[in-house]
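The block underneath contains the structure these notes are about, expressed in structure tokens.
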Amino acid sequence: MQLDDERSAQIAGIQRWRRSVVRLWIVTMLAALGVLALLAGVALPAAVEALLGTALAAITGLALCNMRRGACPSCGERIRFQPRIELPPACTNCGASFFAPAEPSDRAP
């Protein structure tokens, strides 16, 4: 029973990390669109343009660092995302599942 609780906590941690990666990438893309729209629509001083570019680079760097932070709780291997920034079903190194097993249904088919 202790092992199941520990595994559930590990899976919950992986899922929280996945949600933070997706949220940060959404914020990064919205910020990029906002900066590009602002730069295209309004004449800004060079210092403001540089500041916006630096802020966008910082947000992108933070998103990349957050993505690389995730590791398999079983073997410690870094989790590699698919092209659509989704969590793979299992670790490519040890095969440990990143999702909780489905609850058995009480109904008979």
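These figures come from a predicted structure and were not determined experimentally.
- A heavy-atom distance below 4.5 Å is not found between the side chains of Trp17 and Val22.
- The 12-atom threshold is not exceeded at CZ of Arg68, counting heavy atoms of other residues, nucleotides or ligands nearer than 6.0 Å.
- Closest of all the heavy-atom pairs between Cys75 and Cys94 is SG-SG, 3.8 Å.
- Heavy-atom minimum distance, Ile59 versus Ala31: CD1-CB, 4.2 Å.
- Residues Leu36 and Leu38 fall into different hydrophobic clusters, defined by Ile, Leu, Val, Met, Phe, Trp and Tyr side chains chained together at heavy-atom separations under 4.5 Å.
- Closest approach of Leu44 and Val48 over heavy atoms only: CD1-CG1, 4.0 Å.
- In the hydrophobic clustering of ILVMFWY residues, with side-chain heavy atoms under 4.5 Å counting as a link, Val35 and Trp25 come out apart.
- Shortest non-hydrogen contact noted between Ile11 and Phe98 is CG2-O, 3.6 Å.
- Taking 4.5 Å as the limit, every side-chain heavy atom of Asn93 sits out of range of all side-chain heavy atoms of Cys72.
- Hydrophobic clustering places Met29 together with Met67 (ILVMFWY residues linked when any side-chain heavy atoms are closer than 4.5 Å, directly or through intermediates).
- Cluster annotation: Leu52 is connected to Val42 through the hydrophobic network of ILVMFWY side chains, with a link wherever side-chain heavy atoms come within less than 4.5 Å.
- Closest approach of Arg18 to Leu87, counting heavy atoms only: CD-CB, 3.5 Å.
- Following chains of ILVMFWY side-chain contacts shorter than 4.5 Å, one can reach Leu64 starting from Val21, so the two form part of one hydrophobic cluster.
- Looking at Ile79 and Cys91, their side chains never come closer than 4.5 Å, going by heavy atoms from C-beta outward.
- Using a 4.5 Å cut-off on side-chain heavy atoms (C-beta onward), Asn66 and Arg69 make contact.
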